[in-house]
Amino acid sequence: MRSEVGRSQLTEVHLIFERLRHILHEAKIDKRIQYMIDVIFAVRKDKFKDHPSVLAELDLVEESEQVTHVLEIEDSETTEDQLDVFSPDPDYIQNEEKYKIIRADILGDEESGGGSSSDDDDESDEEEEDAAKETLIIDETQTNLTELRRTIYLTIMSSLDFEECAHKLLKMNFQPRSEERF
């Protein structure tokens, strides 16, 4: 565990467990909370073997390919202040073509990185916008029905008598499909 967790994190974990131990010894807590703290101490005693720091499905980079950087506070580092200010790239178009090729290699896109022009991009953007406009969103969660029932219930409950209730319900503006359910 010490190899995976930095020294400062170990002291933080130690402080947390000291506080949990203090809470446990106070005995002013519910039995369920006592049990949960005992379980946490058992997990710590097993050195978190059932709780890895990095899940296997999230460990995407091979250990041999990992690059770590160690920076010492005492070392004088060269700062790159020119990166704080925008400067236009004179070779922007060529660099974008290179980026598209590299991106296609990494992501495995079937598109050829260097063959697209801005006119093709504009046409595809317009087609996507048209497709988005034509898409009809259908609410399958029935939130509208729940909201309708809630409104009807509150209207009925807030009415003093049946005549006021009927008058309020008739004044409501219902959507065409919701009138059938009403």
Side-chain angles (χ1 to χ4, degrees), residues 1-27 29-75 77-84 86 89 91-118 120-147:
M1 183 169 111
R2 290 184 189 266
S3 63
E4 294 177 13
V5 180
R7 172 131 351 251
S8 64
Q9 290 175 336
L10 277 176
T11 57
E12 292 170 0
V13 170
H14 180 69
L15 291 173
I16 291 170
F17 277 100
E18 284 299 317
R19 181 67 183 140
L20 287 174
R21 183 177 289 118
H22 179 69
I23 291 171
L24 193 60
H25 288 301
E26 285 180 0
I29 56 175
D30 189 35
K31 292 288 183 185
R32 184 177 62 91
I33 304 298
Q34 279 182 332
Y35 176 74
M36 291 171 67
I37 293 175
D38 287 338
V39 169
I40 291 173
F41 276 104
V43 168
R44 180 184 181 202
K45 186 176 183 181
D46 291 339
K47 300 187 184 206
F48 303 100
K49 70 176 182 185
D50 294 334
H51 305 280
S53 60
V54 177
L55 298 175
E57 56 267 5
L58 296 179
D59 192 14
L60 302 176
V61 180
E62 296 294 327
E63 195 167 324
S64 62
E65 295 177 0
Q66 292 178 0
V67 178
T68 57
H69 302 279
V70 178
L71 298 175
E72 297 292 330
I73 296 175
E74 293 85 25
D75 292 346
E77 297 294 324
T78 58
T79 60
E80 298 178 359
D81 293 329
Q82 71 273 13
L83 296 178
D84 291 339
F86 174 76
D89 185 11
D91 300 326
Y92 175 75
I93 296 173
Q94 292 85 7
N95 290 337
E96 280 297 309
E97 294 299 322
K98 289 178 187 176
Y99 169 75
K100 288 179 183 178
I101 293 170
I102 292 170
R103 181 175 176 254
D105 290 342
I106 292 173
L107 297 178
D109 290 342
E110 294 178 5
E111 302 174 5
S112 61
S116 64
S117 66
S118 61
D120 294 339
D121 292 339
D122 292 340
E123 291 175 7
S124 64
D125 289 341
E126 291 174 4
E127 291 172 1
E128 290 176 4
E129 290 176 7
D130 292 340
K133 289 179 183 176
E134 293 174 3
T135 304
L136 176 65
I137 299 173
I138 299 173
D139 183 17
E140 296 291 333
T141 60
Q142 296 184 350
T143 55
N144 293 339
L145 178 62
T146 306
E147 186 65 26

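The neighbour count for Phe17 CZ, taken as heavy atoms of other residues, nucleotides or ligands under 6.0 Å away, is above 12. Surrounding CG of Leu107 are more than 12 heavy atoms belonging to other residues, nucleotides or ligands, all under 6.0 Å away. Enclosure of atom CD in Glu62 is not indicated, since only 12 or fewer non-hydrogen atoms of other residues, nucleotides or ligands lie within 6.0 angstrom.
For Glu63, there are no salt bridge (charged side-chain N to carboxylate O under 4.0 Å, His left out) partners at least two apart in sequence or on another chain.
The salt bridge (Lys or Arg N to Asp or Glu O under 4.0 Å) pairs that include a residue from residues 14-24 are Glu18-Arg21, where partners are two or more places apart or lie in different chains.
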Kindly list each side-chain donor-acceptor pair under 3.5 angstrom involving residues 30-38, sequence neighbours excluded, with atom names and distances?
none

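Note that the CG atom of Leu20 and the NE2 atom of His25 stand 11.0 Å from one another [nearest 0.5 Å]. We find the CD-CG distance between Glu97 and Asp91 to be 12.5 Å, quoted to the nearest 0.5 Å. The CD atom of Glu96 sits 10.5 Å away from atom CZ of Arg103, with the distance rounded to the nearest 0.5 Å.
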